[in-house]
J.: 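If you scroll down you'll find the structure; I have some questions about it.
Chain identifiers are assigned alphabetically (A, B, ...) following the order of the sequence lines, protein sequences preceding nucleic acid strands; residue numbering begins at 1 within each chain.
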Amino acid sequence: MTLPKRYNAKEAEPKWQDFWNSRGIFKYDRNSSKPVYSIDTPPPTVSGMIHMGHIFSYVQAEVMARYHRMKGMEVYYPFCFDDNGLPSERFTEQQKKVRAQDMTRSEFVELCLEVTKDAEDMFRDLWTRFGFSCDWDLLYTTIDPWVQRISQRSFLDLNKKGFVYRKESPTLWCPECQTAVAQAETEDRESASVFHDLEFPLADGSGKIIIATTRPELLPACVAIFINPSDERWKHLLGKMAIVPVYNHNVEILADFRVDMEKGSGIVMCCTFGDTTDIEWWQEYDLDLRIVLDNRGHMNATAGFLEGMYWKKARKVLVQKLNDEGFRKGGEDIQHVLNVHERCGTPLEYLVNMQWFVSILDKKDELIRRGNEVNWYPPYFKVRYEHWVENLKWDWCISRQRFYGVPFPVWFCENCNEPVFAREENLPVDPLEDEPEGPCPSCGGSAFRPESDVMDTWATSSLTPQINAKWGEKDEMEGLLPMSLRPQAHDIIRTWAFYTITKAHLHSDSIPWKDIMISGHALNPSREKMSKSKGNIAGDPLVALDRYSADELRYWSCSSKLGNDVLFSEDVLGDGRRLVTKLWNATRFAVSRFEDFDRELRTDLKPFDRWILSRFTRAARNATSGMDQYEYSVCIRDGEHFFWKALCDNYLEIAKKRLYSDDTPDEKHSAQYALYHVLYGTLRLFAPVIVHITEELYQAVFRENEGHESLHLAPWPEPDYMDETALKYGDMALQIIEKARRFKSEANLSMAAPLNSIEISAPSEDLIELITFEDDLLSVTRAETINWSEGQNLSVRIVNTE
RNA sequence: GGGCGAUUAGCUCAGGUGGCUAGAGUGCUUGCUUGACAUGCAAGAGGUCACUGGUUCAAGUCCAGUAUCGCCCA
């Protein structure tokens, strides 16, 4: 058998992708008796461009799927899409040039489904071309009716357990668009403003204080005054009351470290609500709620004589009055940053709405304990989780005043205003279109008002383990929970990982998965995280696939330690090509020497053959322990080092003469045996990462003997051959070869040039062992003779008289 | 402002529990058509391990601080 001179990845890769797909190589068998290894695949949002950063982290998880499959486990590796929620909503609005609030929710959802379907087809094609071994029969999308049912079931379960409550809470609101706005839809805009110095009298008559503010129209909403606890100037004010000018209500003076002592007078007023700090203070200090703006940005009755005015006019009128009454002591023109709605540029307000919450603040200790039950790779990321949980200040707000998402399965009774929950057997429901079954359980009323809010996407995506297990469904999968692995990037530890742990804890008093592997980001050439919103995407995977093979890009994805961010650079993307080519050539050579190889025949192994087998065992053990820690880079690094240095540069040259000669069949067979096993083992070490070239070589060379349908179904190499003596003296014999090579290099001679003799001296106990390597040493160095003698240390002298 | 991480050769990165002249790939220099591979082989040059202190017989490695960069949160 012979292999062609060159390997053509462009032809081979689609060929093997079709092979795996048509043979169902990666199908999950739920009746298998093998232990299950399940992966909680991250559902990418379909809205955006996919870039090499995504590929980078998905490859890292995919490699682990292949590794565990080879380790003999039944791998559950689904794919999925997060197609509901704000990103899809905005994507659809952009694609279709519509506004969600101009149509009914179901009409808009139809549009979203249409748009996301196209994106999903593109994803599937891309994933296939990167050689991903997921089982597409396990596909789910977060907008699937049955997924919505699990999401609503989760809500009902939390409610039944008493973990859900409703409370008024501030949300970002655009007065122009008349809609709730998510943080992701805002942008900062620099604008001119005035810092007004206002005078507040102290209630006990002991003096007056000056407060600087850019929002005087919020004066009627003032509920407290804050100073910094370490500000010596104002310590004496603590606990006193101040009188709000014009409105004349009293507010307390409190201390909080968030006050910026450098800004204005170092005294700040807290209004409901000017900014996020106001919201935090309002929450933490349990302050009054004084709402002065309506949802169109006009002042309400609480603002007294300003009622009905748009805030801009109200500001002008109030400043005039403050001036007239002597409360305004001055002002300073400044430039500051405003949070505005990116679509219309209108400054955003905080509006107070009823929101649904899940109580988690009272469960911090339990959640930290759960975090400890999970194995974190790399371990230091657990600290981020712990600090996040320790510093939680709010319960989890799961409601959004949006359109495209999972609806709350809830109505409100028009008579008694109590919430009416859907029955589980009727899920999923859309209260905007469905009616509750039967009358109101509280008062018997029969008229209902639907809950129009939808759930936050995290409320659904935190259920991916339950979705995979089809929790509560007819075809629920027994024993899939907790899952084996959650792969994800470090930027969403505080959201996705945290909420998933929370849900598993609340629903089933357990952890969602045993292991979590946290990957880094691909950074663009200016060392920033690549993201669509920043517009700094450097790598289009389709372009990359055009220029590099999937194996090369996968190699790049696995080139750094788990958790490290890695620089995306054209310079290093092609590094994997060397290895692919070298594997091809080495195997091409080996296969040409295997023609008369009898696998069944047993022979005594020659010293260098024992050496290379032992070296392989050592490399395979390192690779395995790396993989068990999710360190694919160790596997690649140690595997490549073994393959290139030990096997190709040295062993193949050493064994060449024996492999070509038919005069000494035992010596030849011994080399064939070692080469066959070491090469087959090496292919398997590389199989999880460079998936196509290894399959190509396996099918061409090893399939017939080994019998596995695919290399990716072959067992992971766990060799136990270890000959410590051969290892030690083989390495020593290598030093002799290096000496000969250096001699030739320094003399500008070809490596094939003959040498007269090599004079070797060594202690007698070493000599006995080294002499056994003599035949191979002669052939690889092209020396005519080797003269051995006893000496203190190993010393090697090359003699060449030309 | 807080949390976490990073800072090692021109470039991209390795360097568990401190221990002989700090490693790899790439790039650079020189040589070599070696019965697989010039997409190769051999040899060579190249580093005050960000900075300042400290612990120690011994610090790239441990501790404290400083600087710069990144991510997340505020």
J.: Could you list the donor-acceptor pairs under 3.5 angstrom formed between side-chain atoms of residues 620-628 of chain A and any protein atom two or more places apart in sequence or on another chain?
T.:
from	atom 1	to	atom 2	distance (Å)
N622(A)	ND2	D638(A)	OD2	3.2
T624(A)	OG1	A620(A)	O	2.7
T624(A)	OG1	W716(A)	NE1	2.9
S625(A)	OG	N622(A)	O	3.2
D628(A)	OD1	Y67(A)	OH	2.7

J.: My understanding is that only residues two or more places apart in sequence, or in another chain, count here; which of them pass ring pair (Phe, Tyr, Trp, His ring centres under 6.0 Å) with Y555(A)?
T.: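 None.
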
J.: Please give the stem ranges for RNA chain B, sorted by first residue number, where a stem is three or more consecutive Watson-Crick or G-U pairs and both donor-acceptor distances are under 3.5 Å.
T.: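 If one scans RNA chain B for consecutive Watson-Crick or G-U pairs, the stems found are B:1-7 with B:67-73, B:10-13 with B:23-26, B:28-32 with B:40-44, B:50-54 with B:62-66.
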
J.: Give the residues of residues 637-645 of chain A touching RNA chain B, defined as any heavy atom closer than 4.0 Å, sorted by residue number.
T.: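 R637(A), W644(A), K645(A), in order of number.
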
J.: Among pairs that include at least one residue of residues 269-283 of chain A, which meet salt bridge (Lys or Arg N to Asp or Glu O under 4.0 Å), considering only residues two or more places apart or in two chains?
T.: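 Qualifying pairs, neighbours excluded: R258(A)-E280(A).
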
J.: Once side-chain contact (heavy atoms from CB on, under 4.5 Å) is applied, do any residues pair with V591(A), and if so which ones, sequence neighbours excluded?
T.: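 Result, side-chain contact (heavy atoms from CB on, under 4.5 Å) vs V591(A): M1(A), L3(A), V701(A).
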
J.: Do any pairs count as a salt bridge (Lys or Arg N to Asp or Glu O under 4.0 Å) and have a residue in residues 377-390 of chain A, sequence neighbours left out, and if so which ones?
T.: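 Residue pairs passing salt bridge (Lys or Arg N to Asp or Glu O under 4.0 Å), neighbours aside: none found.
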
J.: Could you list all N or O pairs between the protein and nucleotides 8-13 of chain B that sit under 3.5 Å apart?
T.:
from	atom 1	to	atom 2	distance (Å)
C13(B)	OP1	L567(A)	N	3.3

J.: Can you tell which of G35(B), C73(B), C37(B) lies closest to the side chain of R782(A)?
T.: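 Closest nucleotide among those given: G35(B).
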
J.: Restricting to ring pair (Phe, Tyr, Trp, His ring centres under 6.0 Å), what partner residues turn up for Y673(A), sequence neighbours left out?
T.: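 Ring pair (Phe, Tyr, Trp, His ring centres under 6.0 Å) list for Y673(A), sorted by chain: H677(A).
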
J.: With S670(A), which residues qualify under side-chain contact (heavy atoms from CB on, under 4.5 Å), at least two apart?
T.: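 Result, side-chain contact (heavy atoms from CB on, under 4.5 Å) vs S670(A): L605(A), K606(A), D609(A), R658(A).
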
J.: Mind checking what makes ring pair (Phe, Tyr, Trp, His ring centres under 6.0 Å) contact with Y548(A), not counting sequence neighbours?
T.: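 Counting only residues at least two positions away or on another chain, Y548(A) forms no ring pair (Phe, Tyr, Trp, His ring centres under 6.0 Å).
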
J.: Restricting to ring pair (Phe, Tyr, Trp, His ring centres under 6.0 Å), what partner residues turn up for W584(A), sequence neighbours left out?
T.: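 Ring pair (Phe, Tyr, Trp, His ring centres under 6.0 Å) check on W584(A) returns Y7(A).
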
